[in-house]
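Encoded as structure tokens, the structure appears first; notes follow it.
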Amino acid sequence: DNEMISSLPLQMSLYFNVYFFPFWWLCTVVMLQLKYPVLSDYYKFILVTVIFLTSLIEVIRLYLGYMGNLQEKVPELAGFWLLSLLLQLPIILFLLFNEGLKIQPLERSVNIVFVLFLVFQVVAAFVTLKRMVNKLAAHFHLNEFDRLEEHPV
């Protein structure tokens, strides 16, 4: 019963995401620096805040994804899934589709790759979480059944 539940596709996606993220960050910061003078004041504030939040969330998200998947920990993987779906995906979609940000082709391309990573990881993490929870529930019920056999009511 030592079958591994962790997901290899999720693990590979996280691996490549770790190497892609610094590239995304560099492209985004360089593009921000180039277009900063032509952005309105509120878009300047929004963009700087979004880049800071995305960077912070991404570090936490990738850590939770690795720990949750490799060590088969449901809370960590659930945290990864929630951060991906509820925070990171909407933020990157905002960066991808809000034309007020004066989106450049490089930004659009790196954000499309980021969205593809996120969508794949949300689906893969959901499937992996479902398998982990089912395995833990089955293990719990088997333990209860064994305990019932040892000490009948």
Side-chain angles (χ1 to χ4, degrees), residues 1-140:
D1 192 38
N2 286 338
E3 172 197 352
M4 291 291 290
I5 298 295
S6 62
S7 167
L8 184 60
L10 178 59
Q11 195 61 38
M12 293 302 296
S13 174
L14 288 168
Y15 175 81
F16 290 120
N17 199 157
V18 165
Y19 287 101
F20 171 73
F21 179 67
F23 175 73
W24 174 89
W25 190 87
L26 185 66
C27 291
T28 305
V29 169
V30 167
M31 288 291 106
L32 173 63
Q33 185 180 5
L34 292 175
K35 67 184 181 179
Y36 197 80
V38 297
L39 288 172
S40 64
D41 287 340
Y42 59 94
Y43 272 122
K44 288 177 183 177
F45 174 76
I46 289 171
L47 210 46
V48 170
T49 306
V50 160
I51 291 170
F52 175 76
L53 283 176
T54 302
S55 302
L56 183 64
I57 294 166
E58 190 65 6
V59 169
I60 297 167
R61 194 181 75 82
L62 291 173
Y63 173 78
L64 289 175
Y66 265 105
M67 290 302 106
N69 190 46
L70 286 180
Q71 297 178 5
E72 297 184 3
K73 293 184 175 180
V74 172
E76 282 83 350
L77 196 56
F80 164 80
W81 185 74
L82 288 170
L83 283 176
S84 301
L85 185 65
L86 300 178
L87 290 178
Q88 212 66 323
L89 194 57
I91 288 173
I92 300 301
L93 289 173
F94 171 79
L95 292 176
L96 186 58
F97 293 118
N98 189 325
E99 291 302 327
L101 298 172
K102 304 195 184 328
I103 302 168
Q104 301 303 305
L106 176 64
E107 286 176 294
R108 188 162 324 268
S109 60
V110 294
N111 286 331
I112 287 171
V113 173
F114 205 151
V115 165
L116 292 174
F117 270 124
L118 285 167
V119 169
F120 179 80
Q121 290 167 2
V122 163
V123 172
F126 180 79
V127 170
T128 305
L129 267 171
K130 189 175 176 185
R131 288 175 47 213
M132 278 184 196
V133 168
N134 288 341
K135 180 184 176 189
L136 286 171
H139 188 69
F140 172 78

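One-based numbering along the sequence shown.
- Taking CG of Leu77 as the start and CZ of Arg131 as the end, the distance is 11.0 Å to the nearest 0.5 Å.
- Counting heavy atoms from C-beta outward, Val30 and Gln104 have side chains that stay 4.5 Å or more apart.
- The side-chain heavy atoms of Ile92 and Leu95, taken from C-beta on, include a pair separated by under 4.5 Å.
- Residue Lys73 qualifies as open at atom NZ: its count of foreign heavy atoms under 6.0 Å is 12 or below.
- Minimum heavy-atom separation, Phe94 to Asn98: CE1-ND2, 2.8 Å.
- With rounding to the nearest 0.5 Å, the separation of CG in Leu47 from CZ in Phe52 is 14.5 Å.
- Val127 has its side chain out of reach of Lys130: every pair of non-hydrogen atoms, C-beta onward, lies at least 4.5 Å apart.
- A distance of 14.5 Å separates NE2 of His139 from CG of Asn134, quoted to the nearest 0.5 Å.
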(request) Given side chain to side chain contact (heavy atoms under 4.5 Å, CB included), test Val29 with Gln33 step by step and report yes or no. (result) CA-CA 6 Å; Val29 169; Gln33 185 180 5; 5.5 Å; no
(request) Test side chain to side chain contact (heavy atoms under 4.5 Å, CB included) on Ile91 and Ile57 and set out the steps. (result) CA-CA 10 Å; Ile91 288 173; Ile57 294 166; 4.1 Å; yes
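- In this structure, CZ on Phe23 lies 9.5 Å from OG1 on Thr28, to the nearest 0.5 angstrom.
- Note that CD of Glu76 and CG of Leu129 are 11.0 Å apart. Values are rounded to the nearest 0.5 Å.
- The closest side-chain heavy-atom distance from Leu14 to Phe117 is not below 4.5 Å.
- A pairwise comparison of heavy atoms in Phe80 and Arg61 identifies CD1-O, 3.0 Å as the closest pair.
- Closest approach of Trp81 and Ala125 over heavy atoms only: CD1-CB, 3.8 Å.
- Side-chain contact check for Phe126 versus Leu85: every heavy-atom pair is 4.5 Å or farther apart.
- At least one donor-acceptor pair closer than 3.5 Å links the side chain of Gln88 to the backbone N or O of Thr54.
- Between Phe120 and Leu10, every side-chain heavy-atom pair lies at or beyond the 4.5 Å cut-off.
- Side chain of Glu72 to main chain of Ser6: a donor-acceptor pair is present (N/O by atom type, distance under 3.5 Å, no hydrogens or angles).
- Panel note: side chain Asn69, backbone Ser7; a donor-acceptor pair is recorded below 3.5 Å.
- A donor-acceptor pair is defined here as one N or O able to donate and one able to accept, closer than 3.5 Å; no such pair exists between the side chain of Asn17 and the backbone of Ser13.
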(message) As a quick check of understanding, evaluate side chain to side chain contact (heavy atoms under 4.5 Å, CB included) for Phe20 and Phe16, giving each step before the final call.
(response) CA-CA 6 Å; Phe20 171 73; Phe16 290 120; 5.9 Å; no
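- For the pair Tyr66/Tyr15, a side-chain contact is recorded, criterion being any heavy-atom separation below 4.5 Å from C-beta on.
- Between Ser40 atom OG and Ile46 atom CD1 the span is 7.5 Å, to the nearest 0.5 Å.
- In terms of heavy-atom proximity, Leu101 sits nearest to Lys35 at O-NZ, 2.6 Å.
- Annotation: side chain of Leu32 is in contact with side chain of Leu39 (closest heavy-atom distance under 4.5 Å).
- More than 12 heavy atoms of other residues, nucleotides or ligands lie within 6.0 Å of OH in Tyr43, so this atom counts as buried by the packing criterion.
- Shown here for Glu107 and Lys102, the closest heavy-atom pair between the two residues is OE1-O, 3.9 Å.
- Arg108 approaches Leu96 most closely through the heavy-atom pair NH1-O, 2.8 Å.
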